[in-house]
Amino acid sequence: MADLLKFSIPGKPEYVGVVRLAVSSVANRAGFDIEAIEDIKVAVAEACNNAILHGIHDNCCNYEVVFTLDEKKLTIEIDDNGRGYDTVNYQEPDLSNPKEGGLGIFIIKALMDEVQINSNTGKGTTITMTKYI
Amino acid sequence: MADLLKFSIPGKPEYVGVVRLAVSSVANRAGFDIEAIEDIKVAVAEACNNAILHGIHDNCCNYEVVFTLDEKKLTIEIDDNGRGYDTVNYQEPDLSNPKEGGLGIFIIKALMDEVQINSNTGKGTTITMTKYI
Amino acid sequence: MTLEMKSIFNNELDHWTLEVQGEIDVFTAKNLREEMIRIFSEKQKDIILDFNKLSYIDSTGLGVIIGAYGRMKEKGNHLIIVNAKQNVLKLLTITGLDKILIRNTF
Amino acid sequence: MTLEMKSIFNNELDHWTLEVQGEIDVFTAKNLREEMIRIFSEKQKDIILDFNKLSYIDSTGLGVIIGAYGRMKEKGNHLIIVNAKQNVLKLLTITGLDKILIRNTF
Ligand SMILES: Nc1ncnc2c1ncn2[C@@H]1O[C@H](COP(=O)(O)OP(=O)(O)O)[C@@H](O)[C@H]1O
Ligand SMILES: Nc1ncnc2c1ncn2[C@@H]1O[C@H](COP(=O)(O)OP(=O)(O)O)[C@@H](O)[C@H]1O
């Protein structure tokens with residue numbers, strides 16, 4: 001049976017470091033190698049950034065990070081009840097013309113094996129990412 | 001306003017290390033010095049041990065670790081819906097005659113500024129501990 | 001989640017070296033932005049970002065660097081990253097930033 | 001949450017040295033118990049626990065040590081901790097175990 005870990009974290013930049021440490025520890029426990037642990041840490045942190053910067057208004061609320069861990073894979077869901085957005089209009093960054101923003105989701109997709117985003121304007125966003133062991 | 005962090009953790013020994021890392025990180029963020037961070041880490045880990053070893057049956061469920069952080073103090077609540085026990089019959093360990101068990105709660109009380117235990121047989125245990133910054 | 005920075009102007013080579021230690025993330029990135037703006041307005045010269053002691057960077061950190069790169073390029077100045085560790089290098093490569101920010105010789 | 005152990009029998013001083021590295025906690029304490037039982041049954045001699053590289057111990061770890069202490073005392077053998085770090089020493093002191101497990105001279 002899969003193990004489930006759930007973290008509820010204040011939507012403030014100063015707590016993303018707590019999540020990063022916890023993620024590393026869970027991924028380490030899952031048996032990933034150092035590079036994969038780093039990938040997972042970065043991807044989860046990017047999703048936390050998005051929850052904080054785009055989802056949640058003015059530090060108002062917490063967001064959730066949920067880990068599901070079995071022998072084959074680690075799945076992580078980052079869930080905010082924030083603004084939400086229209087995922088259909090998402091545009092990949094043009095790497096030949098770097099801009100200050102717009103790299104987060106691109107990085108997540110590059111580092112994880114599966115990524116799925118579910119967002120509803122006004123209701124919030126859930127991003128689910130999986131890495132196979 | 002106080003910040004709230006909530007962790008739900010599988011009742012298995014292999015995840016206490018994840019909690020320890022997260023606790024250290026939260027306590028560090030709260031501004032405690034290294035010795036106090038270590039105290040808090042040990043105290044929380046002892047309470048997790050109790051939830052796993054005495055509270056929860058056979059890895060069946062998760063327990064919760066809840067942090068409440070304001071400018072003056074960090075309060076941590078470790079909460080299991082396990083067996084519970086009769087707190088009235090608790091006996092402090094006899095330090096002149098060391099035994100293999102019975103040190104956990106004693107250590108928690110020695111390291112934290114305030115400790116309160118609420119337990120109901122068959123319903124579970126909540127231990128609340130506070131350290132002032 | 002701490003970031004320490006040390007900026008030294010190298011008179012001989014006529015450029016800034018900004019040594020960065022710790023983690024550049026959503027919490028600390030603004031400090032890097034401020035430091036880069038501060039030194040570039042003090043002396044409008046090329047900047048070498050020394051990442052030897054940088055253990056982590058996220059997209060907000062990369063954004064700050066891209067912003068500085070753009071502002072400096074407008075004035076004809078270079079921004080270059082040196083000594084990036086494997087994990088930081090991986091992000092620079094994924095995002096194509098290695099092509100504009102890393103040079104074999106300066 | 002890793003624990004590595006190295007046991008060496010010192011023929012000259014006629015005792016075991018068990019060097020412990022990492023963390024002794026609810027997950028790893030059983031490994032320490034097994035190792036202490038193993039070496040003591042291989043050669044029934046005093047054991048020096050070298051905690052120089054031990055970064056953490058909890059009450060389950062202390063319990064294992066108390067158990068071994070009791071079993072060894074019955075047979076007339078000593079169990080002694082050396083080189084404990086500040087944080088580990090604090091727990092030994094709080095629980096009074098420093099009085100029976102730490103000696104100035106061996
Ligand atoms: N959790 C979220 N809540 C609301 N909007 C989001 C969320 N995550 C992503 N977005 C939207 O998707 C866009 C692209 O995100 P991303 O690729 O991470 O780049 P950046 O965060 O730098 O803009 C964001 O600008 C935002 O409009
Ligand atoms: N979460 C809990 N659920 C059930 N019983 C508990 C819990 N915490 C403590 N206890 C009871 O209190 C006793 C003393 O706990 P403690 O001082 O930590 O020592 P130890 O865990 O070594 O027995 C335990 O043996 C157990 O009976």
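Here is the naming used below: chain letters follow the sequence lines, and residue numbers restart at 1 for every chain. Please read these numbers as outputs of a predicted model, since none were measured by experiment.
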Residue pair Ile94(D), Leu103(B): steps toward the side chain to side chain contact (heavy atoms under 4.5 Å, CB included) verdict: CA-CA 10 Å; Ile94(D) 286 174; Leu103(B) 291 173; over 6 Å; no

Side chain to side chain contact (heavy atoms under 4.5 Å, CB included) evaluation trace for Gln86(D) with Glu35(B): CA-CA 9 Å; Gln86(D) 209 50 51; Glu35(B) 188 175 355; over 6 Å; no

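Using a cutoff of 4.0 Å between basic side-chain nitrogens and carboxylate oxygens, Lys85(D) and Glu38(B) are not scored as salt-bridged. Salt-bridge formation is detected for the pair Arg20(B)/Glu23(D): a Lys NZ or Arg NE/NH1/NH2 atom is positioned less than 4.0 Å from an Asp or Glu carboxylate oxygen.
Atom NZ of Lys73(D) has 12 or fewer neighbouring heavy atoms from other residues, nucleotides or ligands inside a 6.0 Å radius.
Ile100(D) is listed as a side-chain neighbour of Pro98(B), based on a closest heavy-atom distance under 4.5 Å.
Atom CG of residue Asn87(D) and atom CD1 of residue Ile34(B) lie 10.5 Å apart, to the nearest 0.5 angstrom. To the nearest 0.5 Å, atom CZ of residue Phe27(D) and atom CG of residue Asn49(B) are 13.0 Å apart. In this structure, Ser59(D) OG and Ile108(B) CD1 are separated by 8.0 Å, a value rounded to the nearest 0.5 Å.
The part of Leu91(D) that comes within reach of chain B is its side chain, from C-beta onward, which places non-hydrogen atoms under 4.5 angstrom from that chain. Interface residue Leu53(B): only side-chain heavy atoms are found under 4.5 Å from chain D. In this structure, the portion of Leu111(B) lying under 4.5 Å from any heavy atom of chain D is its side chain and not its backbone. Of the two parts of Lys12(B), neither the backbone nor the side chain holds a non-hydrogen atom closer than 4.5 Å to a non-hydrogen atom of chain D. Interface remark: Leu62(D) contributes side-chain atoms only to the contact with chain B (heavy atom separation under 4.5 Å). Only the side chain of Lys90(D) comes within less than 4.5 Å of a heavy atom in chain B; its backbone stays farther off.
A pairwise comparison of heavy atoms in Thr95(D) and Phe106(B) identifies CA-CE2, 4.5 Å as the closest pair.
Judged purely by atom type and a 3.5 angstrom limit, Glu46(B) has no side-chain atom pairing as donor or acceptor with the backbone of Asp58(D).
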